[in-house]
Amino acid sequence: MSQDKHITIQQAAEIIKDGSSLTFSGFTIWRRPFAIVYELIRQYRKNLHLIEVNGGPQTEFLVGAGCVDIWESCWVGHELYGKYGANLSRKVADKEIIVEDYSHAEMLFRFVAGASGAPYAVTQTSLGTDIHNPEYDMLGKAGLRDGKRIAKEKYVFTEDPFFDGGQVVHVPAAKVDVALLCVQQVGEEGTVRVDGQFYSDPEVARAADITIVMAEEIVPEEYLRRNADQNTIASFEVDHIVQCPYGAHPTGMFGHYDVDGPFLKDFYSGTRTQEGYDAFAKEWIHGLDHHSYLEKLGWPRILKMRANSALNFCPREKKGGN
Amino acid sequence: MSQDKHITIQQAAEIIKDGSSLTFSGFTIWRRPFAIVYELIRQYRKNLHLIEVNGGPQTEFLVGAGCVDIWESCWVGHELYGKYGANLSRKVADKEIIVEDYSHAEMLFRFVAGASGAPYAVTQTSLGTDIHNPEYDMLGKAGLRDGKRIAKEKYVFTEDPFFDGGQVVHVPAAKVDVALLCVQQVGEEGTVRVDGQFYSDPEVARAADITIVMAEEIVPEEYLRRNADQNTIASFEVDHIVQCPYGAHPTGMFGHYDVDGPFLKDFYSGTRTQEGYDAFAKEWIHGLDHHSYLEKLGWPRILKMRANSALNFCPREKKGGN
Amino acid sequence: MSDFASPEEYGLADLLCCAAAHEVQDNEVVFAGTGLPMVAIMLAQQTHAPDLKLIFEAGTLDGRPLELPTSVGDARCEMGSSRASGLNDAFSIAQRGYVDLGFLGGAEVDLYGNVNTTCIGDYLDPDLRLTGSGGNPDINSFASRTVFIMVHEKRRFVENTSYITSPGWRVKKWPGGEFVHRKELYGSAYRGGPSAIISTMGVFRFADEEDGHMYLDTCHPGVTPQQIQEQCQFKLDVSRIQGETLVPTREELHFIHDVLDPDEIFIPKVKK
Amino acid sequence: MSDFASPEEYGLADLLCCAAAHEVQDNEVVFAGTGLPMVAIMLAQQTHAPDLKLIFEAGTLDGRPLELPTSVGDARCEMGSSRASGLNDAFSIAQRGYVDLGFLGGAEVDLYGNVNTTCIGDYLDPDLRLTGSGGNPDINSFASRTVFIMVHEKRRFVENTSYITSPGWRVKKWPGGEFVHRKELYGSAYRGGPSAIISTMGVFRFADEEDGHMYLDTCHPGVTPQQIQEQCQFKLDVSRIQGETLVPTREELHFIHDVLDPDEIFIPKVKK
């Protein structure tokens with residue numbers, strides 16, 4: 001047995017310091033580590049640099065709360081429940097945040113490179129677009145490209161010398177201080193088993209210097225090791241573990257619960273202004289902890305989202321049924 | 001239901017033409033597609049270009065038979081059962097084969113690049129070694145670097161422009177005509193489920209233009225799709241499927257049977273000369289098919305290697321035991 | 001089989017969905033985004049293209065969802081799929097050249113099929129920041145054909161997009177930013193480009209590969225070429241028009257409303 | 001605890017195995033090759049380093065095999081491991097810098113720890129082609145420390161290796177091939193290099209990072225520094241010798257022969 005990796009939600013949030021770079025598990029509105037995200041907001045974390053394969057509600061909640069200085073990614077929104085990221089949009093218009101745009105595949109390949117210790121990735125995606133417009137290198141314009149955590153260049157063009165394949169773009173490895181993951185199961189020693197799509201979780205965990213895994217349940221390590229070929233992330237890649245049922249709410253968790261669409265819709269429509277955001281945060285974030293948050297949501301709402309074990313999602317109520 | 005992907009061992013071998021480039025599933029002495037390899041030798045295939053993450057008995061059998069002109073890889077041997085590749089070694093001494101040496105990680109990253117459609121991979125492995133000696137670019141010396149299937153350069157050095165990280169080496173993507181896989185289960189539509197370590201099988205399958213999967217069993221596609229997160233390779237990446245129990249013998253198959261160590265030892269010690277190889281091939285390859293090969297091995301030998309289902313390997317007989 | 005519905009039996013979303021489904025050929029590998037394209041692809045799967053292979057960007061390969069997902073990361077995507085994994089699989093497969101067809105959306109499009117989903121106005125001082133690229137440029141870079149589904153407004157069919165998020169037939173060559181044919185940049189990774197735009201007014205295609213400008217292929221029922229030209233900032237090529245967009249059949253409407261989207265998540269039923 | 005075995009109770013392979021095990025510190029991530037290193041690492045796991053994390057190159061992470069694998073691709077590797085996957089995981093983890101210690105072998109070694117496993121004689125016209133590199137250079141490039149276990153013969157401890165397969169402390173800078181310190185090439189990927197060679201005659205270490213030449217640390221029981229020098233082509237630094245290599249304890253011998261390798265797959269029992 002290794003050293004004890006268990007921590008609390010509060011301790012998890014405290015590991016992320018003002019000015020840290022941060023990334024997350026999940027995909028748009030699925031498996032986002034919300035219980036810790038809420039706690040970061042409660043702890044008034046500042047100057048965060050989010051580096052995300054893609055954004056989602058967690059981005060919007062943190063950006064709206066003023067926790068974020070730099071957002072480096074490709075997309076933010078709430079899917080069906082809110083077409084774009086209104087908080088980010090507002091802060092962009094007000095020039096309160098630096099946005100560095102890459103394409104989705106570029107962000108993914110940047111994490112693949114970071115996870116495999118390569119300084120950069122090679123791709124041919126998005127050639128000819130304004131993503132590669134040299135005038136739109138926002139971290140460069142802000143003088144933040146120190147070559148340490150933030151690469152000296154946004155990208156570098158070259159030509160394929162091996163197969164005369166045309167233009168090639170090199171994008172820098174993602175280097176991140178902390179990855180926050182939210183998954184179904186983690187073992188006591190840190191082994192992670194994700195059910196369903198694992199999105200970019202393995203790359204995100206490996207690219208970060210510190211990896212914190214929040215899980216629906218902490219299970220005996222030996223249980224997971226009985227079928228090692230079904231596990232997603234190895235024990236020693238995980239530094240800290242937190243058990244937190246429903247920790248992804250309002251985002252969904254394959255096999256456990258669906259996305260809370262009405263909650264996200266309310267958030268989207270209510271937080272287009274800063275006043276709206278502050279009111280929402282006052283009601284749903286500050287002064288609560290995870291348990292009182294669940295109490296506030298209430299049993300009917302939570303049970304309505306519960307996944308069917310044969311399907312791994314919550315089948316929609318048919319018209320007239322209930 | 002898609003088009004019928006079932007073929008026979010003979011048909012599988014016929015897909016690989018003289019002069020094709022070829023790669024395999026497995027790792028050294030595990031999960032090598034031997035039934036098809038034997039058939040290639042029976043069909044007197046010539047001028048093959050093997051590109052392997054690592055070599056093993058399959059390399060030695062094909063090289064000894066004179067099927068191979070070019071071997072591009074990093075290692076060949078029989079692990080505990082034969083310390084090096086005596087057939088390859090003989091043909092190298094006789095200058096009957098071109099060997100292009102990369103490191104193991106370089107070969108792997110070359111396949112990762114090929115599998116992801118990138119023209120090359122970025123790594124910092126093996127810097128300062130003779131693997132990068134420009135005098136030892138054997139395909140270049142042979143005038144074979146046409147920039148089509150064989151890259152124009154063996155490698156290209158550059159410096160990390162993003163983080164001042166030092167010397168970086170670019171290695172060309174692996175481009176292969178055919179990948180031959182040998183696995184536990186394949187579905188009727190091509191979905192592959194590998195149990196245990198999957199080695200570099202997913203990359204190898206995706207890098208090749210044609211992927212042939214030989215499996216211990218062909219199972220109903222729907223069975224595999226019930227737990228899609230346990231599958232290894234997607235249906236549409238597989239072009240042809242063959243059912244062939246014990247098709248990996250004399251190499252091992254996780255969950256089914258162990259390596260036939262004595263068989264490999266006999267091969268290693270008996271085939272150091274061409275005459276020895278020819279005698280071995282006459283006894284164990286030519287004039288046989290897969291069924292008569294199994295008959296020749298005999299039940300006691302096969303049962304002795306059978307894996308225990310709880311362990312996935314065949315526990316060693318204890319001294320004094322049976 | 002040409003059991004076409006009468007005008008009061010279908011809505012605009014039905015028409016777009018069926019037009020999109022018609023773009024799919026059987027056995028193709030199709031990359032789907034969230035929303036109407038999902039329904040369109042699943043409709044094709046139910047009708048003329050039973051062996052299409054559906055890829056969701058978040059990481060499901062050859063999926064056959066039982067219930068309509070609301071996003072590509074949805075738990076519903078996994079059901080019946082050949083492999084549930086992650087983005088590295090999806091994008092590697094795309095870059096490797098497996099994808100025949102991708103469905104995408106956009107806020108603005110220009111004559112050459114360059115699409116913007118990033119911002120309205122000057123990027124450095126935008127009027128409105130949108131979602132950002134997502135996988136739009138990636139799918140558009142790697143698929144042999146891409147089809148865009150868009151609302152048709154004059155502010156969306158523009159002379160110059162505020163930002164090129166997703167590459168059309170003539171794109172910017174950096175560092176200078178002069179327009180060149182996409183072939184010149186993509187080299188051996190070139191496999192095609194935008195093949196159709198299905199707007200709320202008509203279906204548009206692109207002239208031969210060398211030129212790559214948009215032309216009007218069919219008008220939706222009740223819409224004239226002139227009305228469409230009025231809703232384009234650029235001069236639209238109407239010389240090749242082939243008539244009217246095919247209207248949905250009753251069978252297609254049955255699949256859309258009774259099988260695929262009974263809860264009207266993406267496609268509302270027509271009030272009769 | 002210093003229940004050292006007497007000379008007739010252990011063999012040379014036992015001595016090497018225990019010396020190798022002593023190189024492992026608890027909690028380290030250790031990359032194991034086939035053979036004696038496997039037994040050594042599992043011995044460390046059973047004794048002073050219960051929390052070491054064992055990685056096999058073929059793709060098992062943090063493994064706890066029940067029965068000794070005969071290769072890193074063996075079905076025996078998976079048992080009890082945290083994750084069974086593939087080479088991309090193993091090498092990505094290594095390049096990412098997770099690996100503290102790697103165990104390797106070699107046919108030839110020079111003063112700076114450059115190791116050859118590729119060929120004997122001129123590469124372009126070799127006397128003997130060997131197995132090739134395998135993962136030797138990769139582990140040696142990325143691990144913080146590497147330990148080589150080698151047969152000690154004069155033809156193996158050489159002035160210049162026939163081929164540098166695996167990088168020592170002073171390596172060749174291409175295209176010229178002049179020798180430079182490995183730091184100069186590896187830059188930020190530099191994490192260390194060869195830390196010990198355990199030969200059949202003694203244990204060797206390397207001088208401070210800047211210089212990196214090999215020196216004799218301990219002689220195996222009954223071997224003199226002079227005998228070792230006679231079996232080296234290069235002038236060996238014997239100025240720092242610390243005495244004799246620690247002999248196995250009875251506890252270690254118990255684990256090796258009764259628990260880890262009862263079938264004498266890698267380590268023969270001493271005939272008593």
Side-chain angles (χ1 to χ4, degrees), chain A residues 26-30 53-54 73-77 79-80 83-85 88-89 92-93 99 101 103-105 108-109 112 123-134 136 157 160 163-167 196-203 252 254-255 258-259 307 311-313 315-316 318-319, chain C residues 34-35 56-60 66-67 70-79 84-88 91 94-95 114 118-119 123-124 126-138 141-142 163-167 171-175 177 180 182 184-190 262-263 265:
Chain A
F27 188 94
T28 66
I29 57 173
W30 288 86
V53 175
N54 54 69
S73 190
C74 73
W75 185 94
V76 66
E79 298 278 11
L80 190 63
K83 9 184 340 178
Y84 67 102
L88 184 90
S89 201
V92 167
V99 169
D101 276 299
S103 83
H104 204 179
L108 186 273
F109 292 140
V112 171
T123 178
Q124 292 191 280
T125 190
S126 305
L127 300 173
T129 68
D130 275 314
I131 294 170
H132 298 157
N133 187 329
Y136 297 168
F157 286 125
D160 166 18
F163 303 103
D164 290 329
Q167 197 178 68
Q197 297 168 314
F198 53 68
Y199 311 127
S200 46
D201 296 5
E203 292 84 5
F254 180 95
D258 265 36
V259 175
L311 300 169
N312 293 307
F313 57 85
R316 295 190 183 102
K318 297 297 162 207
K319 299 288 148 102
Chain C
T34 301
F56 292 122
E57 190 164 341
T60 36
L66 267 186
E67 197 175 89
T70 64
S71 78
V72 299
D74 197 313
R76 287 160 186 79
C77 296
E78 188 257 8
M79 184 67 64
S85 55
L87 284 78
N88 195 21
F91 285 128
Q95 188 166 251
N114 292 301
T118 301
C119 65
Y123 180 78
L124 299 174
D127 299 328
L128 181 63
R129 167 78 199 189
L130 304 170
T131 54
S133 71
N136 203 315
D138 309 307
S141 295
F142 297 139
Y163 182 98
I164 297 183
T165 310
S166 196
V171 293
K172 291 180 178 174
K173 182 173 180 174
W174 302 112
V180 297
R182 66 186 279 154
E184 200 178 316
L185 297 183
Y186 283 80
S188 62
Y190 168 79
D263 301 319
I265 294 171

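All chains are named by letter (A, B, ...) in the order of the sequence lines, taking the proteins before the strands, and each is independently numbered beginning at 1. None of these values were measured; they are calculated from a predicted model.
The contact between C:S188 and chain A is made by backbone and side chain atoms together, counting heavy-atom distances below 4.5 Å. When heavy atoms are compared at a cutoff of 4.5 Å, C:D74 approaches chain A by way of both its backbone and its side chain. Using a 4.5 Å cut-off between heavy atoms, A:F163 does not touch chain C at all. Heavy atoms of A:F27 lying under 4.5 Å from chain C belong exclusively to its side chain. Interface remark: A:F157 contributes side-chain atoms only to the contact with chain C (heavy atom separation under 4.5 Å). For a residue to count as touching a neighbouring chain, one of its non-hydrogen atoms must lie under 4.5 Å from one of that chain's; by this rule C:T34 touches chain A with the side chain only. Using a 4.5 Å cut-off between heavy atoms, C:V72 touches chain A through backbone and side chain atoms alike. At a 4.5 Å heavy-atom cutoff, the contact between C:S166 and chain A is made by backbone atoms alone. The part of C:C77 that comes within reach of chain A is its side chain, from C-beta onward, which places non-hydrogen atoms under 4.5 angstrom from that chain. At a 4.5 Å heavy-atom cutoff, the contact between C:L185 and chain A is made by backbone and side-chain atoms alike. With a 4.5 Å cut-off on non-hydrogen atoms, C:R76 touches chain A through its backbone and its side chain both. Neither the backbone nor the side chain of A:P202 comes within contact range of chain C; no heavy atoms are under 4.5 Å apart. With a 4.5 angstrom heavy-atom cutoff, C:L66 touches chain A only via side-chain atoms. Proximity to chain C involves both the backbone and the side chain of A:L127, based on heavy atoms less than 4.5 angstrom apart. Contacts of A:V259 with chain C are absent, with no heavy-atom separation under 4.5 Å from either backbone or side chain. The part of A:T28 that comes within reach of chain C is its side chain, from C-beta onward, which places non-hydrogen atoms under 4.5 angstrom from that chain.
Most heavy-atom pairs under 4.5 Å with chain A, from the set C:L130, C:D127, C:T165, C:V180: that is C:T165. Counting heavy-atom pairs closer than 4.5 Å to chain C, the top-ranked of the candidates A:L80, A:L88, A:D160 is A:L80. For the set A:W75, A:F254, A:W30, A:Y84, the entry with the most heavy-atom pairs within less than 4.5 Å of chain C is A:W30. Between chain C and the options A:A105, A:G166, A:G252, the largest number of non-hydrogen pairs under 4.5 Å is found for A:A105. Note on A:V99, A:I131, A:D201, A:D164: by heavy-atom pairs under 4.5 Å with chain C, the leading option is A:I131. Between chain A and the residues C:G134, C:P126, C:G177, the most heavy-atom pairs under 4.5 angstrom are made by C:G134. Ranked by heavy-atom pairs under 4.5 Å with chain C, the first of A:N312, A:V112, A:N54, A:N133 is A:N133.
Closest of all the heavy-atom pairs between C:S71 and A:I29 is OG-CG1, 4.3 Å. A:S200 and C:L87 get closest at one heavy-atom pair: N-CD1, 3.8 Å. Here the closest heavy-atom approach between residue A:S126 and residue C:P137 is recorded as OG-CB, 3.3 Å. Closest approach of A:F313 and C:E67 over heavy atoms only: CE1-OE1, 3.6 Å. C:V171 and A:G128 make their closest contact through CB-O, 3.5 Å (heavy atoms, listed as atom of the first residue, atom of the second, distance).
Checking A:E79 against C:T70 by side-chain atom types alone, no donor-acceptor pair falls below 3.5 Å. C:Y123 and A:D101 share a side-chain donor-acceptor pair at under 3.5 Å.
Within the model, atoms CG of C:N136 and OG of A:S103 stand 10.0 Å from one another, a figure rounded to the nearest 0.5 Å. In this structure, CZ in A:F109 is found 7.5 Å from CG in C:D138, a value given to the nearest 0.5 Å.
Counting only distance, with no hydrogens or angles, the side chain of C:W174 and the backbone of A:T129 share a donor-acceptor pair below 3.5 Å. Using modelled atom types, no side-chain atom of C:E78 and backbone atom of A:Q197 make a donor-acceptor pair closer than 3.5 Å.
At most 12 heavy atoms of other shown residues, nucleotides or ligands fall within 6.0 angstrom of atom NZ in C:K173.
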Would you please test A:F198 and C:S85 for side-chain contact (heavy atoms from CB on, under 4.5 Å) and show each step? CA-CA 5 Å; A:F198 53 68; C:S85 55; 3.6 Å; yes

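C:F91 and A:H104 have perpendicular rings, their planes meeting at more than 60° on a 0 to 90° scale where under 30° would count as parallel.
Contact check for A:T123 versus C:F142: side-chain heavy atoms found under the 4.5 Å cut-off.
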